[in-house]
Structure formats: structure tokens, C-alpha cells
Protein chains: 2
Amino acid sequence: MNVKELFEKGSELAYQSCIPHVSVDCVVFGFHESSLKVLLLKMKGVDKWGLPGGYVKKQEDLDQAAYRILKARTGASNIFLEEFKVFGKVGRSEADMAHLPESFWQRQRFVSVGYYALVNYAEITPVTDRISESCEWKDIDSLPELMMDHREILENALHTLRRNINYSPVGLNLLPREFTMPQLQRLYEIILGKPLHRGNFQRKIHSFNILNKHDANPSKKAHRPPILYSFDTVRYNEALQNGLKQEW
Amino acid sequence: MNVKELFEKGSELAYQSCIPHVSVDCVVFGFHESSLKVLLLKMKGVDKWGLPGGYVKKQEDLDQAAYRILKARTGASNIFLEEFKVFGKVGRSEADMAHLPESFWQRQRFVSVGYYALVNYAEITPVTDRISESCEWKDIDSLPELMMDHREILENALHTLRRNINYSPVGLNLLPREFTMPQLQRLYEIILGKPLHRGNFQRKIHSFNILNKHDANPSKKAHRPPILYSFDTVRYNEALQNGLKQEW
DNA sequence: CCAAAAGTGTTAGGCCTACACCCATGT
DNA sequence: ACATGGGTGTAGGCCTAACACTTTTGG
């Protein structure tokens, strides 16, 4: 099947099963090698990248739709997902679909609901679907050109992530189950965009009583191996209720 | 026209000019006599109250739709308005419309975008439209029964308002142009839900340098009349950029 | 004089920052 | 020895909460 036929097939299916004019876009954050990543798709026939997204089935909650879309793209369920903003300008979605016939589903005006997700980089396998050429992690500092208003959506998500850092389970969802203190600190430094004082950081984290200590890491490097920690999820979530109050 | 005919007329017009499945609901806050108020409508033929809301025209930005809906209900433009959450559960909107024929616009499944507005109570004239019996301010502490999930929407808006108090132009938009220091303090106390220390409050507000002092109020009471203030809008907005940092 | 409003001083505590110094561990 | 990691002590600065005291004004 060529690209147009793929879109046509998608168009037919969507008309049958989805609500028109409403779409969902997901900004999926991951953390790897000391930098923040976002999951992006490259569509066939378009020379730009886009956020994973989709439509809402007629008998499906909006949140469920976001979960379904994410699961299709990552294979993972139990993902942290939160709606953060709606994008509803006239003409925001049609521009990059102008090559398709007017009758196609994709040519509609869409009001898109933006979700941001926090996932464990290592546990995810980016899945390419039929209408996308590739599905990859991209570094937040070197993004390719994005279609439609996806750049704006992404930046809004990042802004929300920063603002919510004391209320979102950032550490729990972006790090592997077992992690080291330097990793955790780097994560916070990257999200906040500034260096943090090591000693004070450790003190603060420990003061929350949300960490379980594990055996040291059997490292291969010429130094002391870092201690492995995991989160005490119960106490972590309790602490988030009041916000991890502090200014960093 | 009876109630059903009114809905029928509205249904026809909406099918012609609006996007299906998408709606807007507005939580309009006002401040009067030391308490926080919300603008509510009582629909004809339904025994519950509802938030002012409406649909999005085919060639209209989502934000524009919210402004238009609010202007119709309040007569005012230049209203502070911000989207805060989307409500998209299956069945959230249909329940209270079950008395209408299935073909009616109102029986659709709607994904509703919630906006909250801050308005100057004195400058607003609540407007009743053809399908509502009345449009009134209701005290936040004694709300009537609300239709659909409007209670949930309202509580979400209130929560957002509290969280954003240091980033929203709360004082500027909820108070009359000239106001007194005790008024301002009461506003903050009500939004935050706790009493504030008078002396410290004044000191803080003054430290921001966002107030213009006016002549004293020609009061009729047996006391010293309070000083009238207005906001220096330029400096107020500058200060909001960084958030009115403090914990209250 | 009284009651409401306005303004200022002061103290104690809490938290954050920054710097410093300690120890542990694997090569 | 050295580089990395883990942990603690402490002083200064800033903000806040709480209390107190003073002054102004209209009736």
C-alpha cells in the first residue's frame, strides 16, 4: 500500500469508530544518559516529525484514549499520564494534511487534548505503526522539525513538567526501579535546568523518607560503586500529596 | 415556544454552525460582600443549575468561543479567562439530556473544555437567555444542585484558582478598580481559605510596589475611612511573571 | 473616647545556600 | 594515591508567623 492508501484506510476506520474533531497528542518523556528525551514519530510521506497521537473512540473516555494510544506506541501500560492543555485554534491541524483529499478524516479541524507522560526509558520499546516510518527517542535539546503546532505542544508540556516537579512522581516514573543518587540528582538538574548542590540535595531527598536502600552496584569502574535506591511508593505518594515542598 | 421547541431550535442552529462533540464550560468567579461567587444558570425544564457553556463555531478558535460565551452571559469583554482542564468521560453530558429526542444536538457525547474566568462583580450584568430561566451569582459556600458533572468542574476550577493565586491577576480582575486594603485581604483569605495576619499582609503587598494610593473613601461610618488603592497594572503584571513569591 | 484602619518594630523559627570537611570503596 | 560517592556540620541570609505598639480619622 502506498501512503495515500494508508491514510485512506485510516480515514475510513476513524469515521466508523471515532469522535470527529477531537484528537489526543502525547508528549512522552524519558530519561537516558543524563538527558531528557521525547518520543517522536516520523510519518510516511511527510518530511517532519510528530508527537504520538490519535483519536477518541465513540465509547471511550478521553483518558482511556490517551492510554490506548501510548500503549500502542510503547507497549507499556501503567504509564503516568496527565492532561495539561488543549490546543484548539482554527487551522492548527489542517495545514500539514493539505496533500490529502478533502473528504479524508485527517483534513477535519481538530481540537487536540495534550497529555504528558513519564516513562521508564529502559522498559519501553518504541513501536512503528503502518503510517509511520520510525518511532524514536529524541533529545530535548536537539529536536527535529515538527509538524503542525507540535513544537508548541511540546514546549507547553515541558513547561508544565517543570512547574509540577514537586507534585508529579517525576523520579518514580522516569527512572528505572533501582537507581543511584547521582542519577536522581541529574534528573532534577535537567528538568529544572540548573545545577543543584550535591550535599543539600541528598539531605533533602533523605529528609522525605521515600527511599529504600539496596545493595551497592557491582560496578566495573575504578571508583566506589554508587548505592542503589528504589522508591517507597507508598510514602512517595503520600509526600506528593502535600507537594515536595522546597524551592531547589 | 415551549422548552422542547427551544431545544429543537438550538439543536438545528448548532448542527449548522458548530463543531460536534466539543463544548466549553466556564466557571466565572466574582467577589462580593466578602465572599466568592460563581455565575450559574438555571435551565428551563430542568430542576438543576449549570455552568454557562456553549459550543465552538466551525471557524472559531477555542479561546474565542469561550470569550463569546462569556460575553453573552455577562455583557463584558476584556475578561480574564484561562483553560484549566478537559472533561471527557463517556456519558458525562448525556444523562441530563435524556428527556430530549435522540436526534437532538444536545444528546451527543461531548468533550468539554473547562475555562475559569475572573470578573469584577460590580461591572457584570448576568444575562438570561432563551433557554435559561435565570442567571445568578451563587455563593461558593452554598451551591445549588448542579447538572451533569458541573460540580466536579467547578471544584476543579476552584482548586486551580487556589494553586495559581500567585500567578493569576486575582486582585486586578476580581476587585473593582478602586478598592481598600481590608477588601484585598479578605479576597486573599477567602481564596486561600485561611485567615492572614493583617500587619504582615500589608507589608507584603506594599513590598511588591504594585499599588497606587488614592484619596480616602468618603465613608458614612463612624470610623476612619479606609484608603482607596488601585493596581499599577504594568508593575502588577511584571510582578506576576515571577509569581508573587511567598507562601501566605 | 471609641472603633476601624494604617503602619512599623521586633523576635524566634524555618528553610535554603554555600562552603567545608569527614569517611568509604575499588582500581 | 585518586576519583567518585555518601554523609554531616555550620554560618549567613532570607522569609514568615506572631505579637506588640503607635498613629490617624470620623463620629
Side-chain angles (χ1 to χ4, degrees), chain A residues 33-34 162 165-167 171 175-176 178-189 191-232 239 242-248, chain B residues 33-34 165-167 171 175-176 178-189 191-231 239 242-248:
Chain A
E33 285 177 352
S34 298
R162 291 198 166 124
I165 191 167
N166 289 338
Y167 300 93
L175 291 174
E178 300 198 336
F179 55 91
T180 70
M181 190 60 81
Q183 269 182 304
L184 182 61
Q185 182 175 345
R186 258 170 260 137
L187 174 60
Y188 270 84
E189 287 176 335
I191 293 179
L192 293 167
K194 65 178 176 187
L196 301 174
H197 188 284
R198 188 187 57 81
N200 294 337
F201 181 83
Q202 304 219 2
R203 229 188 310 241
K204 242 179 224 174
I205 293 290
H206 281 134
S207 75
F208 293 135
N209 275 317
I210 54 174
L211 295 184
N212 298 318
K213 196 179 281 201
H214 296 247
D215 288 343
N217 201 348
S219 96
K220 288 124 200 165
K221 301 202 173 174
H223 312 301
R224 172 180 185 173
I227 295 172
L228 286 177
Y229 294 97
S230 65
F231 285 105
D232 182 317
N242 316 319
L244 301 182
K245 287 276 184 233
Q246 61 226 299
E247 290 286 316
W248 299 111
Chain B
E33 287 179 348
S34 297
I165 191 165
N166 290 338
Y167 300 92
L175 291 175
E178 301 198 335
F179 55 90
T180 70
M181 190 60 81
Q183 270 183 304
L184 183 60
Q185 183 175 345
R186 257 169 261 138
L187 174 60
Y188 271 84
E189 287 177 335
I191 294 178
L192 293 167
K194 65 178 175 188
L196 301 173
H197 188 283
R198 188 189 57 80
N200 293 337
F201 181 83
Q202 304 219 2
R203 229 189 310 241
K204 243 178 224 174
I205 293 290
H206 281 135
S207 75
F208 293 135
N209 276 317
I210 55 174
L211 294 184
N212 298 318
K213 195 180 280 200
H214 296 249
D215 288 342
N217 200 347
S219 93
K220 288 124 200 163
K221 302 201 174 174
H223 312 300
R224 172 181 186 172
I227 296 172
L228 286 177
Y229 293 97
S230 65
F231 285 104
N242 315 319
L244 300 182
K245 287 277 185 232
Q246 60 226 300
E247 289 286 316
W248 300 109

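Order of the sequence lines fixes the chain letters, A, B, ..., with proteins taken first and strands second; residue numbering starts at 1 for each chain. The basis for the numbers below is simple: all heavy atoms, side chains too, and nothing from hydrogens, waters or symmetry mates. This one's a predicted model, so the numbers in the text were calculated from it and none came from an experiment.
- Each of A/Met181, A/His206, A/Glu189 was evaluated against A/Phe201; a single residue qualifies, A/Met181, per the side chain to side chain contact (heavy atoms under 4.5 Å, CB included) test.
- Rounded to whole Å, atom P of C/dC15 lies 14 Å from atom CG of A/Asn166.
- Residue B/Ile227 contributes atom CD1, which lies 11 Å from atom P of C/dA5 at whole-angstrom precision.
- When all heavy atoms are compared, the tightest approach of A/Ile210 to A/Ile205 is CG1-O, 4.3 Å.
- Between the CZ atom of A/Phe208 and the C1' atom of C/dC16 there is a distance of 12 Å, rounded to whole Å.
- For A/His197, the ring pair (Phe, Tyr, Trp, His ring centres under 6.0 Å) test picks out no residue, with sequence neighbours left out.
- Following rounding to the nearest Å, A/Leu192 (CG) and C/dT17 (C1') show an atom-to-atom distance of 15 Å.
- A/His206 has a side-chain polar atom (N or O) that falls below the 4.0 Å cut-off from OP1 or OP2 of D/dG7.
- Straight-line distance from the NZ atom of A/Lys213 to the C1' atom of D/dG5: 11 Å, rounded to whole Å.
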Every protein N/O within reach of nucleotides 19-24 of chain C N/O, cut-off under 3.5 Å:
residue, atom, partner, partner atom, Å
C/dA24, N3, A/Arg224, NH1, 3.3

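- In this structure, the CE atom of B/Met181 is 12 Å from the P atom of C/dA5, given to the nearest Å.
- Candidate nucleotides D/dT16, D/dG6, C/dG7 were compared by shortest atom distance to the side chain of B/Tyr229, and C/dG7 ranks first.
- In this structure, the CD1 atom of B/Ile205 is 15 Å from the P atom of C/dT8, given to the nearest Å.
- In plain terms, the two heavy atoms of B/Gly171 and B/Leu184 that are nearest each other are CA-CD1, 4.4 Å.
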Take B/Phe179 and B/Leu228 through the test side-chain contact (heavy atoms from CB on, under 4.5 Å) and record every step on the way to the result. CA-CA 5 Å; B/Phe179 55 90; B/Leu228 286 177; 5.9 Å; no

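- D/dT16 atom P lies 16 Å from atom CD of B/Gln202, rounded to whole Å.
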Please determine whether side-chain contact (heavy atoms from CB on, under 4.5 Å) holds for the pair B/Tyr229 and B/Lys213, giving the CA-CA distance in whole Å, both sets of side-chain angles, and the decisive distance to 0.1 Å. CA-CA 5 Å; B/Tyr229 293 97; B/Lys213 195 180 280 200; 4.0 Å; yes

